[in-house]
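All remarks here apply to the structure that follows.
Ligands are counted one by one from 1 in listed order, and the atoms in each one are counted from 1 as well.
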Amino acid sequence: MALPRFAYFENRIVPYSEAHIGVATHAFNYGTAAFGGMRAYWNAAEEQLYLFRPLDHFTRLLDSAKILAADLSYTPEDLTEITLELLRTEGFREDAYIRPIIYKADEGIGVKLHGLRDAITIFSVPFGKYLSNDTGAHVTISSWRRIDDNMIPARAKINGAYVNSALIKTDAQRAGFDEALVLTQEGHISEGSAMNVFVVRNGQIITPPVTDNILEGISRRSVMALAPAELGLPVIERSIDRTEIYLCDEIFMTGTAAQITAVTRVDYRPIGSGEMGPITARLREIFNQVVRGQMPKYKDWLRPVYV
Ligand code: PMP
């Protein structure tokens, strides 16, 4: 990955080489931080970079901060303005990924959440595809379980919790799969290592509910709005059994990095025809137009970077 040229750090935009934390920093020692991940999409015809749903992303980040007992005086709008300024400073004319992190910034020993200084940093990098195979991914069911709300809440995007995702992802890839789906303690499908999951079965689109230890994805929320409005198909939120995965007609995963990725095989079992299904294909097309500002109806999800 190319390094960022700039970062927002200690309340201002600085060269990336000046954005350093000490090794005794609480968040580095204990994982006591929460992060976000959003994308900005380049529209070459308009020569415009569009930041996708920043207010939703920053609202979720501040919700995660609340769960970490972090106290920051920023609003989602403040953080959006800072991000737009950072992107303009980088001057990107291509797709980019933005990573904000709220972290326990004190240096010293002692695991807790309260009575510590909270800080925020943001950096951005050019970014293309996350999963190289996004049209026919082969996934496995992970032998790891998803962290539970009463252990480390999956609803909050807590840095330390991503060891769970990393274990899931590495074991899946080393076993030759593109990704993995992970089960809750009760044995229901929760999500992927860094993406939500949807299945299509008998003409219905189904996704696990927010109470099945998922991150409440902004891409998930977007698909839940686009599917009824553009395809006339409402999305049903309910728990999904493991074997329903084998029997469904289509599976796709959604996430800022993964966007809409078609899953065509699970543990060597073909899903539906074994090729990307029509609902997944259509949603991918619509999503790609929406994020690049090509569907005026959804322009309020976007913030132009260049004015
Ligand atoms: N689940 C997990 C565990 C994730 O890390 C992500 C990526 N942020 C998602 C789902 C998808 O969320 P979003 O669509 O907001 O990127």
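In summary, the side chains of Lys299 and Tyr50 do present a donor paired with an acceptor at a separation below 3.5 Å, with no hydrogens or angles considered. Checking Gln259 against Tyr41 by side-chain atom types alone, a donor-acceptor pair falls below 3.5 Å. In this structure, a donor-acceptor pair under 3.5 Å is absent between the side chains of Ser190 and Asn213. For the residue pair Arg53 and Ser222, a side-chain donor N or O sits within less than 3.5 Å of a side-chain acceptor on the partner.
Protein residues having at least one heavy atom under 4.0 Å from any atom of ligand 1 are His57, Arg60, Arg146, Lys157, Tyr162, Glu191, Ser193, Ala194, Met195, Asn196, Leu215, Gly217, Ile218, Ser219, Thr254, Gly255, Thr256, listed by chain and number.
Judged by the 6.0 Å and 45° rule, Arg269 forms a cation-pi pair with Tyr246.
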Given Trp144 and Asp171, is the side-chain hydrogen bond (donor to acceptor under 3.5 Å, both in side chains) satisfied, shown in steps? CA-CA 9 Å; Trp144 297 97; Asp171 285 2; 2.9 Å; yes
